[in-house]
Amino acid sequence: MQEATSKPSNFIREIVAEDVRTGAFHRRIHTRFPPEPNGYLHIGHAKAITIDFGIAAEFGGLCNLRFDDTNPIKEDTEYVDSIMEDVRWLGFDWDDRLYYASDYFEQLYQYAVRLIQLGKAYVCDLSPDEVREYRGTLTEPGRESPYRNRSVEENLDLFQRMRAGEFPDGARTLRAKIDMAAGNINLRDPVLYRIQHATHHRTGDRWCIYPTYDFAHPLSDAIEGITHSLCSLEFEDHRPLYNWLLETLGFVEPPKQIEFARLELTYTLTSKRKLRQLVEEGYVRGWDDPRMPTLKGLRRRGYTPAAIRELCERIGVNKTKGVVDIEYLEHLVREDLNRHAPRVMAVLRPLKVVLTNYPEGQEESFPVENNPEDPQAGTRLVPFSREIYVEREDFAENPPARFFRLAPGREVRLKGAYIIRCDEVVKDPATGEVTELRCTCDLQSRGGEAPDGRRVPGTLHWVSIRHAWPAEVRLYDRLFATEDPEAGGDFLANLNPNSLEVLTGCWVEPSLRTAKALDHFQFLRHGYFCVDPDSTPERLVFNRTVALRDTWAKIQRKSVAG
RNA sequence: UGGGGAGUCGCCAAGUGGUAAGGCACCAGACUUUGGAUCUGGCAUUCGCAGGUUCGAAUCCUGCCUCCCCAGCCA
């Protein structure tokens with residue numbers, strides 16, 4: 001609880017702290033993360049997970065993982081497995097508290113029977129269309145169902161026969177008897193059970209009636225001894241129903257539902273339906289495409305659990321709907337990876353450089369720091385020889401102002417190696433394209449230090465041609481070109497046509513040969529990269545997580561703008 | 001027009017009657033064998049608007065405005 005005071009406050013933390021202080025619950029603080037197994041987890045879920053597990057941990061409580069599997073036609077075990085994997089990857093653990101709403105089907109049924117006995121629920125024969133008609137509108141009250149006043153006995157009999165499978169889908173429902181004139185539409189005799197002759201991924205064909213969310217959720221919470229049922233804003237309207245059910249059924253110290261705003265990010269979509277469309281219609285390569293905001297996509301892209309958790313922590317918790325700038329997340333991965341990712345040299349768009357005064361056949365190795373942020377990370381030896389590759393954009397025949405890189409007659413330092421000067425530019429006579437640079441190497445500058453102390457402002461990354469390893473590098477950009485993917489009404493029209501650029505002729509330093517899938521690196525002067533699962537030792541594949549901050553690009557942009 | 005929510009810097013967000021934290025972004029500078037990182041400084045006389053209460057209000061009261069959610073036998 002000490003942490004509770006050291007972290008920035010938020011209204012949920014305050015409510016829970018107050019409940020602890022007043023002893024509102026004679027049991028430990030208990031929350032739950034209740035995903036429906038009908039899709040993959042995305043960045044929005046990360047916030048809910050962080051809050052659910054975080055609040056419990058802060059107050060010495062527990063958080064359950066509970067699958068809200070009350071709709072058999074939408075759900076599947078494939079998602080169950082995936083969700084568990086993602087929650088663990090994010091860094092949370094439910095120990096042995098893995099539950100399913102479907103585990104409670106029998107109990108839930110008994111609670112429904114109890115409600116009927118109390119005269120608080122009835123079997124209704126209205127068709128779906130009729131129910132809608134009777135419900136009224138936002139501004140007009142509804143009308144009571146003609147079946148509303150059936151006897152307890154008749155209701156009990158009918159409900160039992162619903163369970164027995166005597167009626168077809170949609171023929172009848174069990175409804176709560178509350179108030180058809182309520183301003184809150186959720187209180188206009190909400191449906192508690194519907195008939196659905198469908199095979200459930202866990203209970204098989206044992207049931208042909210299934211509880212609705214509104215019925216199953218509060219009761220599942222109560223059954224598990226949840227104290228604080230945290231959910232998103234769209235359930236605010238359901239809270240009176242949540243409370244009505246628990247009160248009517250006589251639960252002591254019932255759980256409290258508290259709603260908070262979801263996490264939204266700029267340039268990002270979190271609608272399950274639309275994400276599915278992107279996958280199914282081939283706009284991305286799958287649910288784990290590195291451009292997807294799914295946890296699987298983020299992982300493959302190279303985002304770390306720590307960065308995602310940190311985002312959730314720093315954006316706070318409240319009821320104000322907002323859209324967080326994706327740059328915040330990008331900043332946080334950089335912050336994390338800057339501390340942890342080993343530095344390495346990779347040339348993405350190679351330009352050959354021949355060091356004319358460096359002895360042919362000679363080679364040597366230079367120690368280069370693995371991470372200047374972490375002296376403990378040590379150094380590695382990087383091989384050097386007469387012919388190297390540098391980045392094409394690190395050379396300019398007619399350098400613009402403040403260009404610190406290679407140009408005819410100019411000097412530059414090769415990171416950790418030597419200072420070189422460009423003497424000659426070799427071009428393809430047919431196209432005029434620069435194909436090679438011939439440079440001389442200041443042999444006195446081993447390690448990159450000028451012997452006479454002269455200042456060399458530019459430092460380039462490089463790879464020795466003879467030693468380099470080929471690689472494919474996938475450069476990702478935002479999936480959508482507009483901050484709000486929904487802008488203009490058609491999210492597909494807002495897709496960024498340049499969200500993926502595949503570079504195939506890349507060369508990386510030999511130390512990368514042993515890199516394993518999902519390993520993180522900083523490619524010096526480029527950005528953070530992650531080994532794609534497609535990678536093999538013969539053909540390395542890297543995904544760009546995020547580029548380094550690029551002050552030079554900013555200067556150029558400004559000079560172009562005027 | 002019914003019910004439920006929300007409005008503090010470009011974005012996120014503290015603040016709970018005592019005179020506007022912090023982060024992102026941005027700007028300026030220092031340093032730099034990553035034009036990275038780091039460091040320093042700048043960045044809301046004002047809290048949706050209008051009244052009122054008070055010595056004093058973003059915080060209390062009144063009225064208004066704007067935005068979001070709800071009419072699935074989805075969750």
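Numbered from 1 within each chain, the chains take letters A, B, ... in sequence-line order.
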Side-chain donor/acceptor contact of [X] with base of [N] under 3.5 Å:
X: Glu373(A); N: G36(B); answer: yes
X: Gln522(A); N: U34(B); answer: yes
X: Arg405(A); N: G35(B); answer: yes

What integer distance in Å separates [X]:[atom1] from [N]:[atom2]?
X: Asp484(A); N: C67(B); atom1: CG; atom2: C1'; answer: 14 Å
X: Asp179(A); N: G2(B); atom1: CG; atom2: C1'; answer: 12 Å
X: Leu265(A); N: C12(B); atom1: CG; atom2: C1'; answer: 11 Å
X: Phe521(A); N: G36(B); atom1: CZ; atom2: P; answer: 23 Å
X: Arg549(A); N: U32(B); atom1: CZ; atom2: P; answer: 18 Å
X: Leu332(A); N: A25(B); atom1: CG; atom2: C1'; answer: 13 Å
X: Glu411(A); N: U33(B); atom1: CD; atom2: P; answer: 15 Å
X: His331(A); N: G22(B); atom1: NE2; atom2: C1'; answer: 13 Å

- prompt: So which one's nearest nucleotide on RNA chain B is more toward 5', Gly458(A) or Glu140(A)?
  reply: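 Counting from the 5' end, the first nearest nucleotide belongs to Glu140(A).
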Can you tell me how far [atom1] in [N] sits from the matching atom in [M], rounded to whole Å?
N: A25(B); M: A37(B); atom1: P; result: 9 Å
N: A20(B); M: U59(B); atom1: P; result: 14 Å
N: U19(B); M: U8(B); atom1: C1'; result: 16 Å
N: G23(B); M: C60(B); atom1: P; result: 28 Å
N: G48(B); M: C11(B); atom1: P; result: 13 Å
N: G3(B); M: U46(B); atom1: P; result: 36 Å
N: G7(B); M: A14(B); atom1: P; result: 10 Å
N: G63(B); M: A75(B); atom1: P; result: 39 Å

Ignoring backbone atoms, establish whether [X] has a side-chain N or O less than 4.0 Å from OP1 or OP2 of [N].
X: Asn318(A); N: A13(B); result: yes
X: His461(A); N: U34(B); result: no
X: Lys558(A); N: A28(B); result: yes
X: Thr266(A); N: C11(B); result: no
X: Arg525(A); N: G35(B); result: yes
X: Thr320(A); N: G5(B); result: no

Applying the Watson-Crick and G-U wobble criteria at under 3.5 Å, what pairs with [N]? Answer none if nothing qualifies.
N: C26(B); result: G42(B)
N: U16(B); result: none
N: U66(B); result: A6(B)
N: C73(B); result: none
N: U33(B); result: none

- Query: Rounded to the nearest 0.5 Å, what separation is found between the OH atom of Tyr122(A) and the CD atom of Glu144(A)?
  - Reply: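 One finds 7.5 Å between OH of Tyr122(A) and CD of Glu144(A).
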Scoring nucleotides 69-75 of chain B by protein non-hydrogen atoms under 4.0 Å (B base, S sugar-phosphate only, - none) yields BBBSBSB
Query - Donor-acceptor contact present, side-chain Arg413(A) to main-chain Gly448(A), <3.5 Å - result: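 It does hold such a pair.
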field: Per Asp325(A) side chain, nearest of listed nucleotides C11(B), U33(B), G2(B)
entry: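 The listed nucleotide nearest to Asp325(A)'s side chain is C11(B).
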Would you indicate whether the side-chain heavy atoms of Ile420(A) and Leu460(A) approach each other to under 4.5 Å?
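No - every pair of side-chain heavy atoms lies 4.5 Å or more apart.
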In residues 338-350 of chain A, which residues come under 4.0 Å of RNA chain B by heavy atom?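 Residues of residues 338-350 of chain A under 4.0 Å from RNA chain B: Asn338(A), Arg343(A).
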Mind checking [X] for me? I need base, sugar-phosphate or nothing, with any heavy atom below 4.0 Å counting as a touch.
X: Gly416(A); answer: base
X: Phe523(A); answer: nothing
X: Thr459(A); answer: sugar-phosphate
X: Leu524(A); answer: base
X: Val323(A); answer: sugar-phosphate
X: Glu335(A); answer: nothing
X: Arg402(A); answer: base

| said: Distance to the ring centre below 6.0 angstrom and angle to the axis at most 45 degrees; does that hold for Arg32(A) and Tyr99(A)? | reply: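 Not flagged: Arg32(A) not positioned over aromatic ring of Tyr99(A).
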**Report entry** Arg163(A) charged N/C atom sitting above Tyr109(A) aromatic ring, 6.0 Å / 45°
**Finding:**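 Checked: cation-pi criterion met.
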- Task: Begin with the C-alpha distance, continue with both residues' side-chain angles, and end with the deciding distance and a verdict on side chain to side chain contact (heavy atoms under 4.5 Å, CB included) for Thr459(A) and Leu524(A).
- Result: CA-CA 10 Å; Thr459(A) 300; Leu524(A) 231 56; over 6 Å; no
What pairs with Arg21(A) under salt bridge (charged side-chain N to carboxylate O under 4.0 Å, His left out), at least two apart in sequence or on another chain?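 Listed in chain order: Glu18(A).
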Assign the ring pair [X] / [Y] to parallel, tilted or perpendicular, where the plane angle (0 to 90°) is split at 30° and 60°.
X: Phe384(A); Y: Tyr418(A); answer: tilted
X: His45(A); Y: His42(A); answer: tilted
X: Phe529(A); Y: His526(A); answer: perpendicular

>> Using the salt bridge (Lys or Arg N to Asp or Glu O under 4.0 Å) definition, which of the options Arg405(A), Arg421(A), Arg454(A) pairs with Glu411(A)?
In response: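 It is Arg454(A); the other options fail the test.
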Here's a test for you: under ring-ring contact (aromatic ring centres under 6.0 Å, His included), which of Tyr213(A), Tyr242(A), Phe260(A) qualifies with Phe235(A)?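 Checked Tyr213(A), Tyr242(A), Phe260(A) against Phe235(A); only one passes ring-ring contact (aromatic ring centres under 6.0 Å, His included): Tyr213(A).
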With ring-ring contact (aromatic ring centres under 6.0 Å, His included) as the test, pick out the partner of Tyr193(A) among Phe215(A), Tyr111(A), Tyr210(A).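 With Tyr193(A) as partner, ring-ring contact (aromatic ring centres under 6.0 Å, His included) holds for just one option, Phe215(A).
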Phe105(A)-His200(A) aromatic ring centre distance below 6.0 Å =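 Yes, they do, as the ring centres are separated by less than 6.0 Å.
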Enter syn or anti for the glycosidic conformation of G42(B), syn applying to angles within 90° of 0.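 Anti, which is what one calls it when the glycosidic angle falls more than 90° from 0.
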- [ ] Using the six-membered ring for Trp and the full ring for Phe, Tyr or His, decide whether Phe404(A) stacks on the six-membered base ring of G35(B) (centres under 5.5 Å, planes under 30°).
- [x]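 Whether judged by distance or by angle, Phe404(A) passes, so it stacks on the base of G35(B).
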